[in-house]
Peer 1: 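Sharing a structure here in structure tokens format.
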Amino acid sequence: MEWTREKRYLPYNKWDAETLLDLQAEAANSPYQMHYHLHPISGLINDPNGFSYFNGEYHLFYQSYPFGAVHGLKSWVHFKSNDLVHWINLGLAVKPDSKADSHGAYSGSAREIDGKLFLMYTGNHRDENWVRTPYQIGAWMDKDGKVKDKTILFKNPKHITEHFRDPQILKQGDTYYAILGAQDKAEKHGHIDVWKSKDLKNWEELGFLDMGTDPMGYMIECPNIVRVDGHVVVIFCPQGLDKKIAKYEDIYSDMYIIADDIDFENHKLINPGKLHNLDKGFDVYATQAFNAPDGKAYEISWVGLPDTTYPTDDENWANCLSQVKELAIKNGKLIQRSVKAMNDLHTDEKEVSDQVITEKAGQQYELKLTIKANQKGKLHLAANADLTGGLQINFDTENGKLILDRSKTDRQVSVDYGETRETDLTKNSDLKLDIFIDHSLIEIFVNDGEAVLTGRYFEDQANTKLAFDQPFDYSGKLWQMKTIL
């Protein structure tokens, strides 16, 4: 299919039901489809949106273009969960059905207010000359899941370009605040813009958030603020960030800063720390985080990148979401851990220790290992019989280095941005690995969440071997994982 602009922005009611059903079948039957992560029902998904707690349950939406593996007329698809692992698909929730979101319901957030869920998101509007106006839209979802009362809250002020999006709604005291990704007109630099309101109707711009002196590229997307262990954590995606400011290898980065606090009224972070990569792997972007009513901080990410193609594009579907992670702070760094309910997916437990693993492990499992200090070697995953293909984890606990290598997989992804990713380890110390494999997705938690490496991989599903390259002193457990959708 030739994806013309007209085709990408064709109204949903102009597509026929048979086409959509065929696309759903194609996505469902793909050998690369994930089974215990949220994934497309059809077409393409990207940013997680509206991650929140409402009416006694967790709620999550994702941006969807259901008619192909391209970015077109976006909507929000709605899920809910009791445990952040098992999700119920509630279907299409936010439709691009008004003038303000005529060319897509873009990213945003949600917050329970007075027994309803308030949604705040960016409406993408284009005029007949294809000039964009980004409207920030408010809407309300009732307990029956009906989204009503869309209202334009504000649009980009004169000093900000059309790149103005992805609001997060926050509250402090009796005042609501919103932070948005922005690009200033004068210098074309990326910023987080801070707004406030007393009534969710009348909004006032406070200014760009002061996060320090370093320029943050040409645009910031998907800003989030959460409170973690008495600190403020800002998670955001600075496009075009100078690699002298923070090292990263993907086309765009997903970063975080830890600060002592935030002064919303003066739009500044109090004692902000250094910029860090949120994920050390290949494909994490557009993370959304929020504080639950009990104060715990959770995050979930889009596993996919802007301006990047994947092999499943040929099957007319693309991307997935990460598992939900609970956040903590340790020694000035963000710790990301699986939520407890992931253990409920375990089945067929096996002990592994002190031998060369030669398991036919499948493509849907969790492997938890402790590798004793002062060893170096290689762990093969989703590998073929002679271990020449598949994923590889190279570890050196003596010199303190771990490398994830996807260069030997069947189908390559974004080779221009490198086929390996690495993270530092504490030298001469035991190495703990918690590895999740889900058909074309790997998530590696290193040393109880001190680092996470996430990536897509595309391997023949018959290649299921799990093996070390030599005997090691280690122990661990292997579980198969149940399907959630």
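The first residue in the sequence is number 1, and the count goes up from there. None of these values were measured; they are calculated from a predicted model.
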Peer 1: Are side-chain N/O atoms of Glu349 and Trp479 paired as donor and acceptor at under 3.5 Å?
Peer 2: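 There is such a pair (donor and acceptor under 3.5 Å, judged by atom type) between the side chains of Glu349 and Trp479.
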
Peer 1: Give the intermediate values and the outcome of ring-ring contact (aromatic ring centres under 6.0 Å, His included) for residues Tyr32 and Phe458.
Peer 2: CA-CA 7 Å; Tyr32 298 125; Phe458 298 89; 5.1 Å; yes

Peer 1: Quick one: does Val233's side chain get under 4.5 Å of Ile329's, heavy atoms only?
Peer 2: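 They are in side-chain contact.
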
Peer 1: Thinking salt bridges, do Glu359 and Lys465 make one under a 4.0 Å N-O criterion?
Peer 2: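 Here Glu359 does not pair with Lys465 in a salt bridge, since their nearest N and O are not under 4.0 Å apart.
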
Peer 1: Hey, are the side chains of Tyr62 and Asn46 touching, using non-hydrogen atoms and a 4.5 Å cut-off?
Peer 2: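 Contact flag for Tyr62/Asn46 side chains = no.
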
Peer 1: Decide yes or no for Lys280 and Glu422: does some side-chain heavy atom of the first lie under 4.5 Å from some side-chain heavy atom of the second?
Peer 2: no

Peer 1: Report the residues that fulfil side chain to side chain contact (heavy atoms under 4.5 Å, CB included) with Asn82, sequence neighbours left out, ordered by chain and then residue number.
Peer 2: Glu57

Peer 1: Report the residues that fulfil salt bridge (Lys or Arg N to Asp or Glu O under 4.0 Å) with Glu221, sequence neighbours left out, ordered by chain and then residue number.
Peer 2: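 Residues passing salt bridge (Lys or Arg N to Asp or Glu O under 4.0 Å) with Glu221: Arg165.
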
Peer 1: Can a salt bridge be assigned to the pair Asp314 and Arg411 using a cut-off of 4.0 Å between side-chain N and carboxylate O?
Peer 2: yes

Peer 1: Which residues satisfy the side chain to side chain contact (heavy atoms under 4.5 Å, CB included) test with Ser353, sequence neighbours excluded?
Peer 2: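 Ser353 satisfies side chain to side chain contact (heavy atoms under 4.5 Å, CB included) with Ser475 once adjacent residues are dropped.
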
Peer 1: Do the side-chain N and O atoms of Gln364 and Asp438 include a donor-acceptor pair separated by under 3.5 angstrom?
Peer 2: no

Peer 1: Quick one: is the NZ or CZ of Lys325 closer than 6.0 Å to the six-membered ring centre of Tyr298, and within 45° of its axis?
Peer 2: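 Not satisfied by the 6.0 Å and 45° rule.
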
Peer 1: Just to verify, what does Tyr177 make a ring-ring contact (aromatic ring centres under 6.0 Å, His included) with, not counting sequence neighbours?
Peer 2: Phe264

Peer 1: Report the relative orientation of the aromatic rings in Tyr12 and Phe67; use parallel for angles under 30°, tilted for 30 to 60°, perpendicular for over 60°.
Peer 2: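 Because their plane-to-plane angle is over 60°, the rings of Tyr12 and Phe67 count as perpendicular.
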
Peer 1: Please tell me whether Tyr285 and Ser301 have a donor and an acceptor in their side chains that are separated by less than 3.5 angstrom.
Peer 2: no

Peer 1: Would you please name every residue forming a side chain to side chain contact (heavy atoms under 4.5 Å, CB included) with Lys95, sequence neighbours left out?
Peer 2: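 Counting only residues at least two positions away or on another chain, Lys95 forms a side chain to side chain contact (heavy atoms under 4.5 Å, CB included) with Leu92, Asp97.
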
Peer 1: Just wondering, do Val232 and Asp260 contact through their side chains at under 4.5 Å, heavy atoms?
Peer 2: no

Peer 1: Glu315: which residues meet the salt bridge (Lys or Arg N to Asp or Glu O under 4.0 Å) condition with it, sequence neighbours left out?
Peer 2: none

Peer 1: If you round to the nearest 0.5 Å, how far is CE of Met120 from CG of Leu170?
Peer 2: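 The CE atom of Met120 is 10.0 Å from CG of Leu170, to the nearest 0.5 Å.
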
Peer 1: Look at the rings of Phe54 and His59 and say which category their plane angle falls in: under 30° parallel, 30 to 60° tilted, over 60° perpendicular.
Peer 2: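 Phe54 vs His59 ring planes: tilted.
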
Peer 1: Is it the case that Ser107 and Gln63 place a side-chain donor and acceptor less than 3.5 Å from each other?
Peer 2: yes

Peer 1: How far apart are the C-alpha atoms of Trp76 and Tyr121, what are their side-chain angles, what is the distance that settles it, and do they pass the ring-ring contact (aromatic ring centres under 6.0 Å, His included) test?
Peer 2: CA-CA 10 Å; Trp76 284 21; Tyr121 69 97; 5.5 Å; yes

Peer 1: Which residues satisfy the ring-ring contact (aromatic ring centres under 6.0 Å, His included) test with Tyr53, sequence neighbours excluded?
Peer 2: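 With sequence neighbours excluded, Tyr53 shows a ring-ring contact (aromatic ring centres under 6.0 Å, His included) to Tyr58, given in chain and number order.
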
Peer 1: Nearest 0.5 Å, what's the CG-CG distance between Asn316 and Leu44?
Peer 2: 11.0 Å

Peer 1: Just wondering, do Tyr310 and Val413 contact through their side chains at under 4.5 Å, heavy atoms?
Peer 2: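 Answer yes - side chains close enough.
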
Peer 1: Answer yes or no: is there a side-chain heavy-atom contact under 4.5 Å between Glu299 and Gln288?
Peer 2: no

Peer 1: Sequence neighbours excluded, which residues qualify as side chain to side chain donor-acceptor pair (under 3.5 Å) partners of Asn463?
Peer 2: Glu459

Peer 1: Work out which heavy atom in Asp424 is nearest to a heavy atom in Lys401; give both atom names and the distance.
Peer 2: OD1-NZ, 2.6 Å

Peer 1: How close do Arg337 and Ala328 get, counting heavy atoms only, and between which atoms?
Peer 2: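 Heavy atoms of Arg337 and Ala328 come nearest at NH1-CB, 4.0 Å.
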
Peer 1: Report yes if the side chains of Gln392 and Leu381 come closer than 4.5 Å at any heavy-atom pair, otherwise no.
Peer 2: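 A side-chain contact under 4.5 Å is absent here.
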
Peer 1: Measure from the ring center of Phe282 to the ring center of Tyr417 and say whether it is less than 6.0 Å.
Peer 2: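 No - the distance between ring centres of Phe282 and Tyr417 does not fall below the 6.0 Å cut-off.
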
Peer 1: Restricting to side chain to side chain contact (heavy atoms under 4.5 Å, CB included), what partner residues turn up for Lys340, sequence neighbours left out?
Peer 2: none

Peer 1: Suppose the criterion is ring pair (Phe, Tyr, Trp, His ring centres under 6.0 Å): which pairs have a residue in residues 365-400, not counting sequence neighbours?
Peer 2: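 Applying ring pair (Phe, Tyr, Trp, His ring centres under 6.0 Å) to every pair that reaches into residues 365-400, excluding sequence neighbours, yields Phe395-Phe472.
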
Peer 1: Who passes salt bridge (Lys or Arg N to Asp or Glu O under 4.0 Å) against Asp344, sequence neighbours left out?
Peer 2: none

Peer 1: Kindly state each residue pair satisfying ring pair (Phe, Tyr, Trp, His ring centres under 6.0 Å) with at least one member in residues 432-453, sequence neighbours excluded.
Peer 2: His35-His439, Phe436-Phe445

Peer 1: Which one of Val85, Leu60, Leu84 satisfies the side-chain contact (heavy atoms from CB on, under 4.5 Å) criterion with Val324?
Peer 2: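 Exactly one option meets the side-chain contact (heavy atoms from CB on, under 4.5 Å) with Val324, and it is Leu84.
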
Peer 1: Only one of Asp283, Asp405, Asp279, Asp250 clears salt bridge (charged side-chain N to carboxylate O under 4.0 Å, His left out) with Arg421; which?
Peer 2: Asp250

Peer 1: Between the side chains of Glu112 and Ser52, does any donor sit under 3.5 Å from an acceptor?
Peer 2: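 No, because no side-chain N or O of Glu112 sits under 3.5 Å from a partner of the opposite role on Ser52.
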
Peer 1: Rounded at 0.5 Å granularity, tell me how far NZ in Lys378 sits from CG in Asn394.
Peer 2: 5.0 Å

Peer 1: Show your reasoning for whether side chain to side chain donor-acceptor pair (under 3.5 Å) applies to Asn374 and Glu398.
Peer 2: CA-CA 4 Å; Asn374 302 315; Glu398 182 178 354; over 6 Å; no

Peer 1: I need the single residue from Leu275, Ile262, Ile220 that forms a side-chain contact (heavy atoms from CB on, under 4.5 Å) with Met211. Which is it?
Peer 2: Ile220

Peer 1: Answer yes or no: is there a side-chain heavy-atom contact under 4.5 Å between Asn319 and Val303?
Peer 2: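 No, their side chains stay 4.5 Å or more apart.
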
